[in-house]
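The analysis underlying the following values was restricted to heavy atoms, covering all of them including side chains, and did not include hydrogens, waters or symmetry mates. All ligand and atom numbering here is 1-based and tracks the order in the structure. Note that the structure is predicted; figures quoted are calculated from it, not measured.
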Amino acid sequence: MDKMLTIADLKRKAERRVPRMFFDYADSGAWTESTYRANEDDFAKIKLRQRVLVDMTDRSLATEMIGEKVSMPVALSPTGLTGMQHADGEMLAAKAAEEFGVPFTLSTMSICSIEDVASVTSKPFWFQLYVMKDRDFVNNLIDRAKAAGCSALVLTLDLQILGQRHKDLRNGLSAPPKFTPKHIWQMATRPKWCLDMARTKRRSFGNIVGHAKNVSDLSSLPSWTAEQFDPRLSWKDVEWIKERWGGKLILKGILDEEDARASLDTGADAIIVSNHGGRQLDGAHSSIAMLPKIVDAVGDRVEVHMDGGIRSGQDVLKAVALGAKGTYIGRPFLYGLGADGKQGVTTALEIIRKEMDVSMALCGKRLIRDVDRSILA
Ligand code: GLV
């Protein structure tokens, strides 16, 4: 059996196990993918300071995100179509995250529903909201997340219209897949995926099917987004959403200092510095490049989190050093899920934990809570 030592190992295995269109969906950025690449490349440019002869015993990565205890400052990102990387993917990933002691965030565009995930977990998870034109449906989603005991609402701000991902259009991405010769071939070459998928009934958008009215073509993400997502979403909307929700609120998709300052008026508990994994505005700066500027702009008036480009524990350490109180991984856990189901998600988290722990020690720190810009060279 291959030994999975890095996130790249999991990615290679996922590519062999997951039908091309779904692997590509996770592994794609908008247009030229320059921002997708910058997210990773800019992490590599940041250097750590090697320190010696300091006590390395009793290390801890434990900390808090929005007041919740986490075993390390890494949450699972809300990712669309996760249940297409592996049958029942969201339920498996949520269980892996719960056992590991990190937050799981369920996407609005998930395959397993809010209720499905609640049925297999015992601790609260987080729910990510896209705002649709149909406000009854949005209110209903918020209420369902509340009823399921979700402990935070993650409101995505940067995908009211969809950035074009060429691979998805070329692959004819849909959920469930269409039965054209090309798609049948993509699935037939992944027999284990097919077998697992045949055993579940969850093959479409679980939060939406049976809940939203007037949905004509749900299977294609671009047409569904164009038809349903509300392009008029504004700062004013954050107010009623916050009020309806009544709990912890996280704003996702802040990449500009001015927007970060504006977010302070909303009373949100945290903001996520994010460019949606390079899947939206191609040509935007990487998240890690913008993180310190945004941290400086808001100070400690709101908790700052970040996502985009994290492929190792060293990357998490660098983000924490630059002021992130928490980080999120999307593709790394999807690769784990595609490679090995729930165990693969756990493996992805273990890889990141080990890299972070050892690197933190070699930077001369024992507690992640004490990590700051002084560990950067
Ligand atoms: C949805 O969140 C996507 O980026 O595809």
Which pairs, with at least one residue in residues 35-88 and sequence neighbours excluded, count as a ring pair (Phe, Tyr, Trp, His ring centres under 6.0 Å)?
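Found none.
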
If you look only at pairs with a residue in residues 105-157, which of them pass as a ring pair (Phe, Tyr, Trp, His ring centres under 6.0 Å), with sequence neighbours excluded?
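Output for this query lists Tyr130-Phe229.
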
Does the distance from a Lys or Arg side-chain N to an Asp or Glu carboxylate O, for Asp370 and Lys365, drop under 4.0 Å?
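The answer is no: the pair does not qualify as a salt bridge.
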
Can you pull the residues with any heavy atom under 4.0 Å from ligand 1?
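Those residues closer than 4.0 Å to ligand 1 by some heavy atom are Tyr25, Tyr130, Leu159, Arg165, Leu221, His276, Arg279.
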
Distance-only side-chain donor-acceptor flag, Ser113 / Asn207, under 3.5 Å:
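Side-chain D/A pair, Ser113 to Asn207: absent.
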
Are Arg279 and Tyr25 in a cation-pi contact, defined as NZ or CZ under 6.0 Å from the six-membered ring centre and within 45° of the axis?
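Yes, cation above the ring, under 6.0 Å and within 45°.
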
Sequence neighbours excluded and cut-off under 3.5 Å, please list the side-chain donor-acceptor pairs for residues 189-197, or say none.
{"residue": "Thr189", "atom": "OG1", "partner": "Trp185", "partner atom": "O", "Å": "3.0"}
{"residue": "Thr189", "atom": "OG1", "partner": "Gln186", "partner atom": "O", "Å": "3.0"}
{"residue": "Arg190", "atom": "NE", "partner": "Arg16", "partner atom": "O", "Å": "3.2"}
{"residue": "Arg190", "atom": "NE", "partner": "Val18", "partner atom": "O", "Å": "3.1"}
{"residue": "Arg190", "atom": "NH2", "partner": "Glu15", "partner atom": "O", "Å": "3.1"}
{"residue": "Lys192", "atom": "NZ", "partner": "Asp196", "partner atom": "OD2", "Å": "2.7"}
{"residue": "Trp193", "atom": "NE1", "partner": "Met84", "partner atom": "O", "Å": "2.9"}
{"residue": "Asp196", "atom": "OD1", "partner": "Arg199", "partner atom": "NH1", "Å": "3.3"}

